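In this text the structure is predicted, and so the values were computed from the model without any measurement. Within every chain, numbering begins at 1; the chains are lettered A, B, ... in the order of the sequence lines, protein sequences first and strands thereafter.
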2 protein chains.
Amino acid sequence: MTPAEPRPDGARAGSPRPSTIEDVAREAGVSRAAVSKVIRNAYGVSDRMRTQVEAAIERLGYRPRVAARAMRGASFTFGFEIPQVGNDFLTMIVDGATEALAETPYQMIIAPLGRDQKGDMAINSLVDRQVDGIVAISPRVDPAWIERIAERIPVVMIGRHDRSDRYDTITGDDRSGAEQVMSHLLDQGHRRITHLTIHPSRPEPPWAGQAGDEPHVIRTAVYRERMAALGLEQSVVHTMFDGSEAHDATRALLASPEPPTAIFAGNDTLAIGVLSAIAEAGLDERDVSVVGYDNIPIAGHPLVSLSSVDQSGVLMGREAARLLFERLSGRTEAVQSQIEATLRERRSSAPPRRP
Amino acid sequence: MTPAEPRPDGARAGSPRPSTIEDVAREAGVSRAAVSKVIRNAYGVSDRMRTQVEAAIERLGYRPRVAARAMRGASFTFGFEIPQVGNDFLTMIVDGATEALAETPYQMIIAPLGRDQKGDMAINSLVDRQVDGIVAISPRVDPAWIERIAERIPVVMIGRHDRSDRYDTITGDDRSGAEQVMSHLLDQGHRRITHLTIHPSRPEPPWAGQAGDEPHVIRTAVYRERMAALGLEQSVVHTMFDGSEAHDATRALLASPEPPTAIFAGNDTLAIGVLSAIAEAGLDERDVSVVGYDNIPIAGHPLVSLSSVDQSGVLMGREAARLLFERLSGRTEAVQSQIEATLRERRSSAPPRRP
DNA sequence: TTGAAAGCGCTAACAG
DNA sequence: CTGTTAGCGCTTTCAA
């Protein structure tokens with residue numbers, strides 16, 4: 001705006017350019033290399049030099065530029081790709097990882113997905129930023145593509161049940177979790193049970209053979225098996241992931257001639273949407289029971305009291321960070337880590353009024 | 001682990017090093033500068049060259065390294081500092097910004113705060129990564145320090161009501177919002193109203209004179225004014241931000257000889273904690289009414305139905321992105337943007353049983 | 001234990 | 001319109 005800027009490099013008065021490693025070296029009377037070693041805690045610096053350099057850093061308020069470091073060595077950054085910022089289960093994962101990174105020089109950055117964006121975009125953006133490790137949560141990316149990335153950067157995939165010998169995976173025990181849900185509902189006497197889950201990938205990706213590895217697909221499969229085993233009629237409804245469609249779908253179900261007495265929702269976000277439709281219809285758990293998956297914090301709230309499968313997101317996040325650190329210190333074989341799943345029974349699921 | 005790696009630079013078999021701008025230039029038979037211009041959409045490239053270069057990029061799967069770009073020019077990255085990943089109000093802000101960035105070459109990264117970490121850490125980490133713009137949401141950082149950063153990088157502060165001529169601000173109308181809450185409760189006949197809010201900074205920071213600019217402090221001030229004006233006894237309770245302390249504090253309040261008939265919570269997260277204590281005590285809104293602030297999505301859920309002040313976080317996020325882009329294209333005067341606040345009355349607030 | 005020097009991949013200024 | 005060149009701030013050999 002004011003075209004009379006004094007010098008292009010100098011910024012405005014009183015704003016000295018941030019100091020560089022060079023400045024620190026001069027101030028401490030040592031070489032750049034020496035400073036570099038100090039800030040990296042590298043081997044081969046005398047105590048005297050260390051104190052000198054640290055004093056200079058302090059005096060100058062020096063902070064290493066991540067970009068410059070990344071060009072030669074590490075960026076000291078782990079990148080998290082998360083499909084929805086608002087999803088409380090993912091939040092728990094991030095919390096767990098944040099905690100694990102707290103006392104390390106590593107920082108976490110999160111690349112959120114825009115609506116309708118695919119996971120590739122966010123993962124690519126992390127790669128472009130030369131993060132030292134990637135935690136990917138979107139289940140719908142080409143495994144072969146991820147493997148290629150994992151050749152250069154440690155990758156942990158959370159959720160998907162495929163095995164790779166290039167990247168590590170962390171999964172919940174989706175089969176067991178879903179079994180617990182179904183047993184619970186069937187034991188309570190439910191027979192008309194609808195399963196509500198998110199849409200499968202559309203259009204079918206070329207690697208669709210792998211779709212069976214997605215957590216939601218496994219949960220659905222278990223539902224089908226259990227229903228089939230008892231000769232019960234299966235009813236699977238697909239919606240978008242954000243809960244508002246789950247609400248509408250439930251309303252439609254309730255208006256149908258033979259509404260279900262129980263709904264098994266693929267995750268808690270969907271279940272919350274289901275509960276809202278049930279409440280709006282003036283019904284409760286004796287009319288329609290609901291069970292969710294993930295045990296997000298609000299599920300335990302007494303006003304909501306949603307039965308749900310706990311698969312400790314916090315633990316998953318902590319584990320993800322641990323696996324990345326292991327890779328960084330040399331591990332090359334892939335690891336598959338499985339987290340237990342436990343159904344927490346709450347008020348939202350009860351024996352049906354008329355079985 | 002396997003110390004017999006063939007070459008330190010070469011990675012493993014079949015993993016060619018990612019292509020650089022140099023490779024693209026060679027492949028397309030042009031200079032590096034030409035490629036650089038194409039990828040930045042810069043002025044001065046013939047259509048023929050553009051197509052050639054784009055083809056080469058495609059063939060090689062080239063992606064520019066952000067670190068290298070950041071060293072000379074821009075990183076095409078906006079950084080968001082957010083104090084709690086799980087807070088749904090902040091989520092709304094991120095969603096708004098994500099949407100605004102969707103069709104641009106800019107990417108967003110989020111630097112979450114660890115527990116007990118201060119906002120400075122996350123903001124510094126963003127600066128270290130040479131982001132092209134910063135959106136800061138933590139209210140408790142030294143304004144002078146932020147101003148210094150804003151001399152080099154565009155900064156938008158969300159929430160705080162201070163004025164700076166170096167950085168932009170976006171605020172809700174906290175005074176009006178709090179007035180609406182208090183009028184609503186008083187009109188309903190409540191006289192014993194407790195205000196529950198998060199702890200003030202501790203220990204007092206040197207710039208504590210500015211504390212009056214924090215949204216929560218303003219809301220508390222309005223509460224005090226309105227109570228004082230009617231000669232009512234004030235009761236302010238401070239808790240941590242995560243809702244579990246709000247739950248405990250409420251339980252204590254309910255057990256006191258003269259429990260409040262209404263609680264005005266500083267934000268929805270606290271209000272949710274309050275509601276859980278009320279529900280656990282077997283009470284409802286006719287015993288103790290609750291009003292929150294932020295109107296997070298769950299507040300509108302029929303099982304919760306929390307009265308709350310809406311200050312459109314989505315709008316704030318969108319606005320933040322817009323302000324950064326304006327700065328990038330030359331604006332130098334600071335802007336203060338204010339978002340309207342509107343109370344949404346729901347079931348959680350009702351006239352007291354015995355006024 | 002310390003320092004000198006060679007780049008990492010890119011952009012910007014300038015020359016042709 | 002296109003290419004040449006000089007760094008950006010750091011890490012990393014490699015000598016001293």
Side-chain angles (χ1 to χ4, degrees), chain A residues 7-11 16-53 56-57 60-77 105 127-130 132 152, chain B residues 7-11 16-53 56-57 60-77 105 127-130 132 152:
Chain A
R7 304 270 324 287
D9 66 296
R17 83 171 157 43
S19 46
T20 71
I21 201 171
E22 175 78 55
D23 300 328
V24 176
R26 202 176 317 116
E27 172 83 12
V30 299
S31 74
R32 288 199 324 254
V35 179
S36 175
K37 277 174 190 153
V38 170
I39 62 181
R40 282 175 299 123
N41 267 312
Y43 178 77
V45 261
S46 63
D47 281 359
R48 211 176 62 81
M49 166 161 283
R50 171 175 301 282
T51 10
Q52 250 176 79
V53 170
I57 287 176
L60 266 43
Y62 166 74
R63 298 189 58 97
R65 237 75 95 233
V66 171
R69 308 185 84 169
M71 296 218 52
R72 297 296 277 160
S75 64
F76 296 98
T77 308
V127 174
D128 297 344
R129 279 169 183 73
Q130 275 149 284
D132 299 329
R152 329 208 101 262
Chain B
R7 302 271 324 288
D9 66 299
R17 80 167 160 46
S19 46
T20 71
I21 200 171
E22 177 78 53
D23 300 328
V24 176
R26 200 177 316 113
E27 172 84 11
V30 299
S31 73
R32 287 199 323 253
V35 178
S36 174
K37 278 175 189 154
V38 169
I39 63 181
R40 282 176 298 125
N41 265 312
Y43 177 77
V45 260
S46 63
D47 280 359
R48 211 177 62 82
M49 167 161 282
R50 173 177 300 281
T51 11
Q52 250 177 81
V53 170
I57 288 177
L60 266 44
Y62 166 73
R63 299 190 56 98
R65 238 75 95 229
V66 171
R69 308 184 83 167
M71 296 219 50
R72 296 298 277 158
S75 64
F76 297 98
T77 308
V127 172
D128 296 343
R129 281 169 181 74
Q130 274 148 287
D132 299 329
R152 329 209 100 263

(message) Rounding to an integer number of Å, can you tell me how far A:K37 NZ sits from D:dC10 P?
(response) 16 Å
(request) For DNA chain D, find the residues of residues 44-53 of chain B with a heavy-atom distance under 4.0 Å and give them by number; none if there aren't any. (result) B:G44, B:V45, B:S46, B:M49
(message) Looking at A:D23 and A:R17, is any side-chain nitrogen of the basic one under 4.0 Å from a carboxylate oxygen of the acidic one?
(response) yes
Distances under 3.5 Å between nitrogen or oxygen atoms of protein and nucleotides 5-9 of chain C:
residue	atom	partner	partner atom	Å
C:dA6	N6	A:R32	NH2	3.1
C:dG7	N2	A:R72	NE	2.9
C:dC8	O4'	A:R72	NH1	3.3

(message) How many whole angstroms separate atom CZ of A:R40 from atom P of D:dG9?
(response) 18 Å
(request) Identify the heavy atoms of A:L60 and A:S19 that sit nearest to each other, and give their distance. (result) O-OG, 3.3 Å
(message) Let me confirm one number: the CD-CZ distance from A:Q130 to A:R152, rounded to the nearest 0.5 Å.
(response) 10.5 Å
(message) Salt bridge check, A:R50 against A:D47: does any charged N sit closer than 4.0 Å to a carboxylate O?
(response) no
(message) Rounding to an integer number of Å, can you tell me how far A:N41 CG sits from C:dT1 P?
(response) 14 Å
(request) Return the minimal non-hydrogen interatomic distance between A:K37 and A:G44, and the atom names on each side. (result) CD-O, 4.2 Å
(request) Search all heavy atoms of A:A67 against all heavy atoms of B:M71 and return the closest pair with its distance. (result) CB-CG, 4.2 Å
(request) Whole angstrom is fine here: how far is it from CD in A:Q130 over to C1' in D:dC10? (result) 13 Å
(message) If we check side chain to side chain contact (heavy atoms under 4.5 Å, CB included) with B:P64, which of these qualifies: B:I39, B:V24, B:I57?
(response) B:I39
(message) Need the bend value for the helix from C:dT1-D:dA16 to C:dG16-D:dC1: angle between end axes, 5 pairs each end, nearest 10°.
(response) 30°
(request) Kindly compute the distance separating OG (B:S31) from CD (B:E22), expressed to the nearest 0.5 Å. (result) 10.0 Å
(request) Using only heavy-atom distances, determine whether the side chains of A:S36 and A:R32 contain a donor-acceptor pair under 3.5 Å. (result) no
(request) Measure from the side-chain heavy atoms of A:V30 and tell me the nearest of D:dT11, C:dT11, C:dG3. (result) C:dG3
(request) First locate atom CZ of A:R48, then atom CD of A:Q52, and finally report the distance between them rounded to the nearest 0.5 Å. (result) 5.0 Å
(message) So, taking the atom named OG in A:S75 and the one named CZ in A:R65, what distance separates them when rounded to the nearest 0.5 Å?
(response) 16.0 Å
